[in-house]
Amino acid sequence: MKLKHLFLSCVIGWSASVFSQNIEQSPKTSGNPVFPGWYADPEGAVFEGEYWIYPTYSAAYTDQIYMDAFSSKDLVNWTKHPKVLSKENISWLWRALWAPAVIHANDKYYFYFGANDIQNNNEPGGIGVAVADNPAGPFKDVLGKPLIDKIVNGAQPIDQFVFKDDDGQYYMYYGGWGHCNMVKMGADLTSIVPFEDGTIYKEVTPENYVEGPFMLKRDGKYYFMWSEGGWTGPDYCVAYAIADSPFGPFKRVGKILEPDENVAKGAGHHSLFKGPGKDEWYIIYHRRPIGETDGNYRVTCIDRMYFDKDGYIKPVKMTFEGVAASPLK
């Protein structure tokens with residue numbers, strides 16, 4: 001009898017061990033949203049072997065006077081860095097601190113932001129730039145005023161994205177209200193300089209553009225992306241174009257991220273991570289859970305993004321599980 005009991009105990013112990021190993025070997029995922037809290041307009045970047053996300057704090061405009069950041073070594077486990085940029089370090093900010101764009105250059109970190117949601121050229125505000133020595137800040141405004149403070153070509157000065165081309169030149173794409181401009185950045189990255197034809201602003205607005213521009217260069221092609229629809233509505237989405245030049249023309253191809261009645265609505269204002277694999281891409285975006293009506297109820301999510309054999313972007317499938325761990329090499 002004792003031998004029988006011993007045998008059963010061994011079998012149960014072995015089964016529990018195998019079950020435990022299977023649990024441990026199951027792929028761990030980030031889950032969506034990837035971190036708690038109301039956050040939107042996420043800017044993704046890779047700095048010092050870590051993934052970083054810089055989002056807008058999604059709240060009433062007058063409460064949007066700081067920004068947090070989040071870092072991860074594997075896309076799954078995230079560390080919060082509170083108030084990497086805040087009103088204390090921007091003398092002219094009073095509300096609506098929006099849509100970060102962060103780059104590393106000249107041994108510094110440059111943080112571009114929109115502020116104050118200006119409605120005309122007589123209001124103070126626009127696109128500013130802050131600088132820090134590390135990606136966690138604190139970032140401090142370097143100009144004491146906006147870099148771009150006027151509505152040009154109908155584009156509200158918000159939603160800036162800074163893109164580095166293969167020749168080392170940086171360009172900024174920005175604009176709300178259905179218009180997108182691009183400007184050429186000076187070597188100090190705190191100024192804008194004329195293009196070769198002498199112009200300062202070039203309008204590059206594609207069909208159906210609303211806001212949230214993003215640029216990716218892949219295999220010699222320029223993939224220009226943007227958000228369509230209203231940010232508080234259920235139809236918010238992401239579309240894209242492909243061009244042979246950073247100046248376009250950008251002919252709309254179609255949507256790559258849109259609402260899913262089984263997952264979420266209001267999905268848009270995205271950016272991308274390049275993973276360690278050869279063609280490994282992740283889309284970072286915000287969305288609103290089904291059933292939520294508060295316009296500020298936006299959460300940050302990550303899902304995989306794929307290209308087909310012809311170089312077109314496949315429609316992104318929104319998930320609740322998010323993505324598996326992908327440590328940078």
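Numbers for residues simply follow the sequence, beginning at 1.
- Note: Tyr173 and Phe224 have tilted aromatic rings, judged against thresholds of 30 and 60 degrees for the angle between ring planes.
- Residues satisfying the side chain to side chain donor-acceptor pair (under 3.5 Å) test with Gln119, not counting sequence neighbours, are Asp117.
- Other residues, nucleotides and ligands contribute over 12 non-hydrogen atoms within 6.0 Å of the CZ atom of Phe307.
- Residues forming a ring pair (Phe, Tyr, Trp, His ring centres under 6.0 Å) with Phe273 (at least two apart in sequence, or on another chain): Tyr51.
- Every residue meeting the ring pair (Phe, Tyr, Trp, His ring centres under 6.0 Å) condition with Tyr39, not counting sequence neighbours, appears here in chain and number order: Phe35, Phe70.
- Applying the ring-ring contact (aromatic ring centres under 6.0 Å, His included) test to residues at least two apart or on different chains, the pairs with a partner in residues 128-164 are Phe111-Phe139, Phe161-Phe214.
- Hydrophobic cluster membership for Trp231: Tyr61, Trp98, Ile158, Tyr236 (Ile, Leu, Val, Met, Phe, Trp, Tyr linked by side-chain heavy atoms under 4.5 Å, directly or transitively).
- Checked against side chain to side chain donor-acceptor pair (under 3.5 Å), Asp219 has no partners two or more places apart in sequence or in another chain.
- When the shell of 6.0 Å around NZ of Lys217 is examined, it contains more than 12 heavy atoms from other residues, nucleotides or ligands.
- Asn77 and Ser72 share no side-chain donor-acceptor pair at under 3.5 Å.
- Residues Arg252 and Trp226 are in side-chain contact: their nearest non-hydrogen atoms beyond the backbone lie under 4.5 Å apart.
- Hydrophobic cluster membership differs between Tyr54 and Trp38, with clusters built from Ile, Leu, Val, Met, Phe, Trp and Tyr side chains linked at under 4.5 angstrom.
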